[in-house]
Amino acid sequence: MPDSIALRRTVARVAPSDSPFITVSEAGETCGRATDVPLCQEYLKQTASSRGFHRFCTETCSEFYVVTTQGDDIHTYATVNALRVLLGDIDTAQDATLLVYSLGYTYVPHKVEQGGVRANPDGSFDVIANQGFVSCEGTDLTQVVLHVEPAGDVEERERHVLKRGEGTCPVGVDP
């Protein structure tokens, strides 16, 4: 079991001294059981990944990855398969939503129509997530209901268009 876990987002560096990531969320005691905590924390600051899961692009592209500490060890999980290994059995709502997010779906829990998760009696989860975006004609924001098995298998059960894009696409936006 890791001492700490952090979800990070890659960012484009403007200057060489800029950090190549933003920590989106974290839990646990960073380097909690390391033999040299300050050294572990320094290595952790320098640990980054140039690739990840849930790639999205606006003006620049970003991806997400997970970093854990366990004793003196620091590990990165930058692919969906690596994340599945870290998560093991999907036995919490957080595991189910992180797995769904890693597959490229978005999750907005504070808007019931755009996000939610339900535990099922058989140990599986149903996750309401979104896919796509609305910016111009030819783009759609779609609600998707996904069934997540404890083994990590994800199956799409329902799909509904929430909103259709309208108007002319800006230069560089390819619906």
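Because only heavy atoms are used, hydrogens play no part in the values below, and waters and symmetry mates are left out as well, while side chains stay in.
- Atom CD of Q70 sits about 9.5 Å away from atom CE of M1, to the nearest 0.5 Å.
- Between the OG1 atom of T142 and the CD atom of E156 there is a distance of 9.0 Å, given to the nearest 0.5 Å.
- Tested against V100 for a side chain to side chain contact (heavy atoms under 4.5 Å, CB included), the candidates V117, L146, T106, D95 yield a single pass: L146.
- Ring orientation note: the planes of F64 and F53 are close to parallel, at an angle under 30° on the 30°/60° scale.
- Checking side-chain atoms of S4 against main-chain N and O of A27 turns up no donor-acceptor pair under 3.5 Å.
- Environment of OH in Y101: crowded, with over 12 heavy atoms of neighbouring residues, nucleotides or ligands closer than 6.0 Å.
- L86 is listed as a side-chain neighbour of T68, based on a closest heavy-atom distance under 4.5 Å.
- A donor-acceptor pair under 3.5 Å is absent between the side-chain atoms of D126 and the main chain of A119, judged by distance alone.
- Panel note: side chain R118, backbone V127; no donor-acceptor pair is recorded below 3.5 Å.
- Atoms OG1 and NZ, from T30 and K45 in turn, are 11.0 Å apart once rounded to the nearest 0.5 Å.
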Legend entry - Criterion side chain to side chain contact (heavy atoms under 4.5 Å, CB included) on R55 and S62, from CA distance to verdict: CA-CA 6 Å; R55 180 180 176 86; S62 288; over 6 Å; no
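- One hydrophobic cluster, built from ILVMFWY side chains closer than 4.5 Å, cannot hold both Y77 and I74; they sit in different ones.
- Between L87 and the choices V85, D91, L83, the side chain to side chain contact (heavy atoms under 4.5 Å, CB included) rule is met once, by L83.
- Minimum interatomic distance between R159 and Q131 (heavy atoms only, all atoms of both residues): NH2-OE1, 2.6 Å.
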Inset, instruction - Kindly determine whether I128 and Q143 satisfy side chain to side chain contact (heavy atoms under 4.5 Å, CB included), including the steps that lead there. - result: CA-CA 7 Å; I128 299 171; Q143 180 186 73; 3.6 Å; yes
Inset, instruction - Show your working on side chain to side chain contact (heavy atoms under 4.5 Å, CB included) between V154 and L103 and close with a plain yes or no. - result: CA-CA 9 Å; V154 179; L103 295 170; 3.8 Å; yes
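- The hydrophobic cluster containing V24 does not contain V11, counting ILVMFWY residues as joined when their side-chain heavy atoms lie under 4.5 angstrom apart, directly or transitively.
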Inset, instruction - Test N130 against V144 for side chain to side chain contact (heavy atoms under 4.5 Å, CB included), laying out the working first. - result: CA-CA 6 Å; N130 298 321; V144 184; over 6 Å; no
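- In plain terms, the two heavy atoms of A48 and P20 that are nearest each other are CB-CG, 3.6 Å.
- Contact of the R8 side chain with the V67 side chain is registered, since non-hydrogen atoms from C-beta on lie closer than 4.5 Å.
- Contact detail for A129 and Y105: the closest heavy-atom pair is CB-CB, 3.8 Å.
- The main-chain N or O of V80 is never found under 3.5 Å from a side-chain atom of S102 such that the two would form a donor-acceptor pair.
- Minimum heavy-atom separation, A82 to A78: CB-N, 4.3 Å.
- Using modelled atom types and a 3.5 Å distance limit, the side chains of N81 and T79 yield no donor-acceptor pair.
- Atoms CG and CD, from L99 and Q94 in turn, are 13.5 Å apart once rounded to the nearest 0.5 Å.
- Classified by interplanar angle (parallel below 30°, tilted 30° to 60°, perpendicular above 60°), the ring pair F56/H54 is perpendicular.
- S124 places no side-chain N or O within donor-acceptor distance of the main-chain N or O of N120, the cut-off being under 3.5 Å.
- Here H147 contributes atom NE2 and E155 contributes atom CD; the two are 7.0 Å apart, rounded to the nearest 0.5 Å.
- Using a 4.5 Å cut-off on side-chain heavy atoms (C-beta onward), F21 and T10 make no contact.
- Under a 3.5 Å cut-off, the side chain of T69 and the backbone N or O of C31 do form a donor-acceptor pair.
- Taking a 6.0 Å sphere around CZ of R51, one finds it holds 12 or fewer heavy atoms contributed by other residues, nucleotides or ligands.
- Separation of atoms CD (Q41) and OG1 (T47) is listed at 12.0 Å; rounding is to 0.5 Å.
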